[in-house]
Amino acid sequence: MTSAHGGRVRNLDTLARLRRGLRTPPGPALRLPVPDGMTAPLGCDAVAVPVPFGRLVMPRLPRAGCVYADGTHWWWLVPADSDHALEWPAPARYAPCAVLPDTPELPALIHRPDGKLPYTPPIPLYLALCRVTGTAPAWSRPVSA
């Protein structure tokens, strides 16, 4: 698409894609894979919680995407930039590019959704995590002057 002046028009989708392209994962850390037969057109990040919280969150989700587990954490694949304007509640950890720092081996895939997209919708995941951790969502907290 071009503007009346002959220049290319940039929209929010273009800017988000450009921003994702600038993100490069750190060196030799492990990265959660997108399973064969699935595509991740929005890029992938991951959200991890300790296993006890994972077991509480899973039944609260209307739809779960790919979920991975190791001995200590459950990891959900979410679209890239799902941390934009969100403070994920502790003890959740947000992993850009689905890179797992300080993880010695790749977690096992414990849930794979039907279809071709690996994502867990980030807002329901965020709200479920807020609920099980007793944290108010960022947008409902009082704002101080």
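Because the structure is predicted, anything quoted here is derived from the model rather than measured.
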Under a 3.5 Å distance rule, please check whether [X] uses its side chain to pair with a backbone N or O of [Y] as donor and acceptor.
X     : Y      : answer
Tyr68 : Leu106 : no
Asp45 : Asp81  : yes
Arg31 : Cys97  : yes

Less than 6.0 Å separating the ring centroids of Tyr126 and Trp88? yes
Show which side-chain atoms of residues 54-66 pair as donor or acceptor with protein atoms under 3.5 Å away, not counting sequence neighbours.
unit_1 : atom_1 : unit_2 : atom_2 : d
Arg60  : NH1    : Leu56  : O      : 3.0
Arg63  : NH1    : Tyr119 : O      : 2.3
Arg63  : NH2    : Leu117 : O      : 3.3

Rounded to the nearest 0.5 Å, how far apart are CG of Leu125 and OG of Ser82? 8.5 Å
With rounding to the nearest 0.5 Å, note down the distance linking CG in Leu30 to CD in Glu105. 9.0 Å
Shortest non-hydrogen pair, Ala136 vs Ser140, comes out as CB-OG, 3.8 Å
Nearest non-hydrogen partners of Pro118 and Leu77, listed with the distance: O-CB, 3.7 Å
As a quick check of understanding, evaluate side chain to side chain contact (heavy atoms under 4.5 Å, CB included) for Val78 and Tyr94, giving each step before the final call. CA-CA 10 Å; Val78 294; Tyr94 193 84; 4.2 Å; yes
[Y] side chain reached by [X] side chain, heavy atoms, under 4.5 Å:
X     : Y      : answer
His73 : Pro107 : no
Asp83 : Val47  : no
Val34 : Cys44  : yes

Residues which pass ring pair (Phe, Tyr, Trp, His ring centres under 6.0 Å) with Phe53, listed by chain and number, not counting sequence neighbours: none
So Trp75 and Val49, side chain to side chain contact (heavy atoms under 4.5 Å, CB included) or not? Walk me through it. CA-CA 7 Å; Trp75 301 82; Val49 297; over 6 Å; no
Side chain to side chain donor-acceptor pair (under 3.5 Å): pairs with one or both residues in residues 128-137, sequence neighbours excluded: Thr133-Thr135
